[in-house]
Amino acid sequence: MSTTGATADPLAALGTLPGVPESVESVRKAVDRVYGHRIMRRRSNEITSEAALRGARGSAALSGADWALEEVRRRTDFSGDDEARVMGAALRLTAEAGQLLSIWRQSPLRVLARLHLVAAATQGDEVGRPRLEGESVDEPLVELALPNAAEVSGRLEGLAELIIAGSSAPALVTAAVVHGELLALRPFASHNGLIARTAERIVLVGSGLDPKSICPAEVGHAELGRAAYLAALDGYVAGTPEGMAAWIAHCGRAVELGARESTAVCEALQRGAA
């Protein structure tokens, strides 16, 4: 996303694209419905915990570790193979996200560096910083052309400036742009998809749209499928108004599906089945 142009608030401008206001309103209604569920008054901590687990599972599925939810619950060791390590990284990121909300608006690049440290869980020189020119990226499921290190640095700085400055744009728009930009840039040597989806969660929670983190967009992204996810990302990368609107709408639908998932959890708790 270009952060230059005639408008001082490019995120707000995206919020006026055709179809985007409708997506924003649909998301707000879906979130309000689950927050209004009677179970939320008594057992919101349980819903938050379950949403975190299901969100991590969904994010890992999009990064190649598509495990059944009960398998995620059962496992205690996530170091055995590549899929297990992806799942472990997703779980760690979900747990870490809530600790970084207060830092995000002041220092988003610091938060992103921390997320990479948490995801990678190694001590390599490439961990916790944007990649340098010539360094490779392990992100096999996103096959877009890889921006060079100079472009990554410039666009990350631009994104950080937008976040720090604040915007009148709806939370969905900001979250979608943060998510799309990180996927397009793949700024780290690894785990960029997991980090992008975690950053989306941080924006949705920190904005106040989903303050208890009970509407896991990662669940929705996984349910919509990898092909649809990558097709929508192509629209973001193209940068056309239609492409940007389609990406924002896709992210909105993912949040709605996350809200639907937590509503089902509420209903199960109400029936005494969970």
Side-chain angles (χ1 to χ4, degrees), residues 23-63 65-76 78 87-104 111 115 118-119 170-172 174-176 178-179 194-224 250-274:
S23 292
V24 168
E25 180 62 20
S26 184
V27 165
R28 168 56 67 189
K29 289 180 179 178
V31 172
D32 285 349
R33 279 194 295 272
V34 66
Y35 271 87
H37 198 286
R38 60 187 300 181
I39 286 291
M40 284 295 297
R41 293 195 294 272
R42 296 182 287 111
R43 304 177 72 174
S44 64
N45 288 342
E46 292 175 69
I47 307 303
T48 295
S49 296
E50 187 66 18
L53 184 69
R54 293 178 185 224
R57 194 217 72 81
S59 190
L62 286 169
S63 286
D66 192 0
W67 290 11
L69 186 61
E70 291 310 312
E71 175 69 7
V72 182
R73 292 191 204 279
R74 184 187 67 80
R75 284 285 190 108
T76 56
F78 295 94
M87 186 62 69
L91 290 165
R92 290 192 300 274
L93 286 171
T94 300
E96 187 74 11
Q99 310 303 313
L100 299 173
L101 294 170
S102 63
I103 306 171
W104 175 256
V111 168
L115 292 176
V118 169
L172 171 64
T174 303
V178 167
H179 184 171
L194 295 176
I195 290 168
R197 292 183 288 276
T198 303
E200 180 185 46
R201 172 186 286 265
I202 288 172
V203 174
L204 293 170
V205 174
S207 68
L209 176 65
D210 180 20
K212 293 182 182 294
S213 193
I214 60 168
C215 301
E218 305 97 320
V219 167
H221 287 302
E223 184 173 337
L224 290 167
H250 184 88
C251 291
R253 182 60 180 149
V255 177
E256 291 180 55
L257 290 170
R260 186 181 73 178
E261 184 88 353
S262 286
T263 299
V265 172
C266 287
E267 293 293 333
L269 287 172
Q270 186 166 280
R271 293 192 304 270

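The stretch residues 87-102 participates, sequence neighbours left out, in these side-chain hydrogen bond (donor to acceptor under 3.5 Å, both in side chains) pairs: E96-R114. Applying the salt bridge (charged side-chain N to carboxylate O under 4.0 Å, His left out) rule to pairs touching residues 213-223 yields R201-E218, E223-R260, sequence neighbours excluded. Among residues at least two apart or in separate chains, there is no salt bridge (charged side-chain N to carboxylate O under 4.0 Å, His left out) pair with a member in residues 202-212. The side-chain hydrogen bond (donor to acceptor under 3.5 Å, both in side chains) analysis of residues 51-60, with sequence neighbours excluded, yields the pairs E50-R54, R54-E261, R57-D66, S59-R197.
For A89 against L194, the heavy-atom pair with the smallest separation is CB-CD1, 3.8 Å. Here the shortest heavy-atom pairing between C215 and Y35 reads SG-CE1, 4.4 Å. Closest approach of A222 to L62, counting heavy atoms only: N-CD1, 3.9 Å. The two residues G252 and V27 have their closest heavy-atom pair at O-CG2, 3.3 Å. Across G220 and L257, no two heavy atoms sit closer than the pair CA-CB, 3.6 Å. Between S262 and P216, the shortest heavy-atom distance links the atoms OG-CD, 3.8 Å.
I202 is listed as a side-chain neighbour of L115, based on a closest heavy-atom distance under 4.5 Å. With contacts defined as side-chain heavy-atom distances shorter than 4.5 Å, the pair V72/L91 qualifies. Residues V265 and I214 fail the side-chain proximity criterion, which asks for heavy atoms closer than 4.5 Å. Within the 4.5 Å cutoff, the side chain of V178 has heavy atoms near those of the W104 side chain. You'll find the side chain of R43 stays beyond 4.5 Å of the side chain of M40, heavy atoms only.
In terms of modelled atom types and a separation under 3.5 Å, the side chain of S207 and the main chain of L204 share a donor-acceptor contact.
For the pair E256 and R253, the salt-bridge criterion is met [side-chain N within less than 4.0 Å of a carboxylate O].
In terms of the side-chain contact (heavy atoms from CB on, under 4.5 Å) criterion, residue partners of A60 (sequence neighbours excluded) are, by chain and number, A65, V86, M87, A90. For R33, the side-chain hydrogen bond (donor to acceptor under 3.5 Å, both in side chains) criterion is met by no residue, not counting sequence neighbours.
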Item to check | R73 vs E70, salt bridge (charged side-chain N to carboxylate O under 4.0 Å, His left out): CA-CA, chis, key distance, verdict | outcome: CA-CA 5 Å; R73 292 191 204 279; E70 291 310 312; 3.0 Å; yes
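Ring pair H179/H221 is perpendicular by interplanar angle, where above 60° counts as perpendicular and below 30° as parallel.
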